S.K.: 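Here it is, the structure in full.
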Amino acid sequence: MDSTAPQAPPSRGRRQLPSPPGVLTTALVPVIVAGGLVSVPLSRMGALWPTYIGVGALALLIAGSRTLATWRGRRGRARTSAALAWAFLGFWVVLAAWSPVARAATPDPVVGDRELLALASSGILACTALILATGDRAGLHGLRRGWCLGLALSVVIAAWELTTRRHLWIDAAHPWPFGDALMAVGTYQNPNNFAGALVAMVAGTLALAARASRPTRAALLALVAAGGVVVFLTGSRSGLAALALVFALEGWRLLRGRLGGRRLRDVASAHRGAATAVLVAGAVVLLALLFAPGVSRNPLRRLLLGAFDPETARSDSLRAGLITAAWRYLRESSWLGSGAGSFEPLLYADPDANVIKLTNLHNAFVELVTQYGVVVGAAFALVLATVAATVARTAWRERGRVGTSAETTRVDLAEATGQCAAFAAFGLSASSALPHQTWWLALAAAAAAASWAASGHGGRFGTEPGGPSARSRSQKHPSPGTASSAPDDGPDEREPSRHRRARRREDVSPIGFRP
């Protein structure tokens, strides 16, 4: 046998063992999405908090020692990625340190303790997801698989609700509050909450589909379509707006991949007739859905016309009145916060409140600042500003780039922006998003995806098992006697050579350790 003949890489065809960060993040999301289906039995067995603590300890054991040790200041893009992680973890440290002050100020200690415990569990799970997903790209990939499983579970529950007209945990003690409306609420007991969570699941599933094989991608996109239908059936305006943004981001990502390094304006001018036909066809379809005869019961038309309904106007006015009352409570607390879980008790006892009492604030951003003060609010604003600035700066930096690394970065950017949209929709429309673990998990997923995008490594230095990154590494550094089976993407022509040399010297993950 000729010893110089090309041979297959040793790893080809070998079944890779699942990565511990990927396995843990994959299991984490559907358990959170299941909500009371999992937490209630665990609570009855007295195992709920031991489970939370065990999950956090396991995450630190698997990835925390090396991950936290490398979140030190580094040069360039690695420093940006580390800043995201430190800002996120720093917020939870500030909140934990401020909790005794918020506990002492609350007018109802029982309600305050309940909210603080919910925030503590959310913090443990969200920080666990962040540590695992930023320490290893397999953790981020596992988080995306978890969103996919959560979406599948949510679609199944929604289908059961719509076919049986029954809902989870609805009984004589907890009646259905939405009249005869046929809608899905899943495990979230509120359509706005459910819509925001579904958008986060859709964003994660789309990111997973971008790296999947063709048959798997088709199945994932079918699941995304089913999830979009369920969001539509919730009737949530904020959820639909966030979903439209997620789909627009995915469409733009696919278009940029098709264009390569060309500009959209140049392609459109070169194919002016086709571009005009697409725009006309889209306009005709939209008009047919909205105004064609015989579609007066079209749910899309009813939803759009509902925005001008007097009931909708009263709801928006109620939200504005609740926010006004919340800011007054914050001022009366000398900007230190009215206390954990204090808004509803204060509203109920407020003789000057000109709004319906016994209701939630329906704005988690204002609720967090009102109840916990400007100190915690500033730490929270720092997290949001860091994520937004990282996404915007990375998107500007990556414009026009091509290749596998650039494509992976665009996937990360699209997911980070989609998770931010879901986080905003959930927080602005849910009755109270503060105690919901899914809300905080969406922010952690946005920070993790933005961290990988900002690192500049994309698919080149990722450790995602079986992905293009692994294949590109084996092609760029073949083993002795191995022939490369595919051409390399090559360096980015837009990037100066000194930057490429620096990147080769720092063959590290987004947070600084060698994969």
Side-chain angles (χ1 to χ4, degrees), residues 32 35-36 38-53 55-56 90-127 169 173-174 177 188-190 193 321-353 355-380 426-427 430-441:
I32 291 176
V38 174
S39 62
V40 171
L42 288 176
S43 179
R44 289 173 178 172
M45 294 185 298
L48 185 60
W49 273 99
T51 301
Y52 289 148
I53 296 173
V55 168
F91 161 73
W92 290 103
V93 171
V94 171
L95 180 60
W98 195 261
S99 293
V101 178
R103 172 64 172 76
T106 183
D108 191 332
V110 175
V111 176
D113 289 343
R114 186 185 305 126
E115 182 169 282
L116 287 174
L117 287 174
L119 284 172
S121 65
S122 299
I124 291 173
L125 297 177
C127 291
W169 306 299
H174 305 86
Y188 294 85
Q189 299 179 282
N190 185 289
N193 304 18
L322 292 171
I323 292 174
T324 301
W327 282 117
R328 177 158 53 84
Y329 302 153
L330 178 61
R331 292 194 302 269
E332 292 172 354
S333 69
S334 300
W335 305 97
L336 298 178
S338 56
S342 62
F343 178 76
E344 289 80 10
L346 289 175
L347 181 69
Y348 182 73
D350 187 359
D352 299 325
V355 295
I356 300 176
K357 299 182 179 181
L358 296 177
T359 186
N360 302 106
L361 181 53
H362 288 79
N363 189 315
F365 302 95
V366 176
E367 186 176 9
L368 182 70
V369 178
T370 298
Q371 297 186 156
Y372 297 92
V374 295
V375 175
V376 175
F380 184 60
F426 203 143
S431 54
S432 178
L434 287 184
H436 280 281
Q437 298 167 352
T438 308
W439 191 55
W440 296 106
L441 186 64

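Everything quoted here is computed from the prediction, not taken from an experiment. The figures here come from the full heavy-atom set of this structure, side chains too, leaving out hydrogens, waters and symmetry mates.
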S.K.: Out of curiosity, Leu117 CG to Ser122 OG, how far, rounded to the nearest 0.5 Å?
M.R.: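 So the gap between those two atoms works out to 10.5 Å.
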
S.K.: My understanding is that only residues two or more places apart in sequence, or in another chain, count here; which of them pass side-chain hydrogen bond (donor to acceptor under 3.5 Å, both in side chains) with Ser333?
M.R.: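 Ser333 satisfies side-chain hydrogen bond (donor to acceptor under 3.5 Å, both in side chains) with no other residue.
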
S.K.: Would you call the rings of Phe426 and His436 parallel, tilted or perpendicular, where under 30° means parallel and over 60° means perpendicular?
M.R.: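 The rings of Phe426 and His436 sit tilted, inter-plane angle from 30° to 60°.
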
S.K.: Using a 3.5 Å distance criterion without hydrogens, assess whether the side chain of Ser43 forms a donor-acceptor pair with backbone atoms of Ser39.
M.R.: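 No; zero donor-acceptor contacts below 3.5 Å.
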
S.K.: Kindly compute the distance separating CH2 (Trp440) from CG (Leu125), expressed to the nearest 0.5 Å.
M.R.: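 Output value for this atom pair is 13.0 Å.
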
S.K.: For Glu367, give me all partners under side-chain hydrogen bond (donor to acceptor under 3.5 Å, both in side chains), at least two apart in sequence or on another chain.
M.R.: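 Counting only residues at least two positions away or on another chain, Glu367 forms a side-chain hydrogen bond (donor to acceptor under 3.5 Å, both in side chains) with Ser432.
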
S.K.: Would you please name every residue forming a salt bridge (Lys or Arg N to Asp or Glu O under 4.0 Å) with Arg114, sequence neighbours left out?
M.R.: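 Applying salt bridge (Lys or Arg N to Asp or Glu O under 4.0 Å) to Arg114 gives none.
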
S.K.: Once ring pair (Phe, Tyr, Trp, His ring centres under 6.0 Å) is applied, do any residues pair with Tyr52, and if so which ones, sequence neighbours excluded?
M.R.: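 Partners of Tyr52 under the ring pair (Phe, Tyr, Trp, His ring centres under 6.0 Å) test: Trp49.
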
S.K.: Mind jotting down which residue pairs meet the side chain to side chain donor-acceptor pair (under 3.5 Å) criterion with at least one end in residues 92-109? Sequence neighbours excluded, please.
M.R.: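 Qualifying pairs, neighbours excluded: Arg103-Asp113.
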
S.K.: Kindly compute the distance separating CG (Leu346) from CZ (Phe343), expressed to the nearest 0.5 Å.
M.R.: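 Nearest 0.5 Å value for the CG-CZ distance: 8.5 Å.
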
S.K.: Is the shortest heavy-atom distance from the side chain of Trp439 to the side chain of Leu434 under 4.5 Å?
M.R.: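 Yes - at least one pair of side-chain heavy atoms lies under 4.5 Å apart.
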
S.K.: Who passes ring pair (Phe, Tyr, Trp, His ring centres under 6.0 Å) against Trp335, sequence neighbours left out?
M.R.: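 Applying ring pair (Phe, Tyr, Trp, His ring centres under 6.0 Å) to Trp335 gives none.
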
S.K.: So Val366 and Leu361, do their side chains get closer than 4.5 Å, heavy atoms only?
M.R.: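 Contact flag for Leu361/Val366 side chains = yes.
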
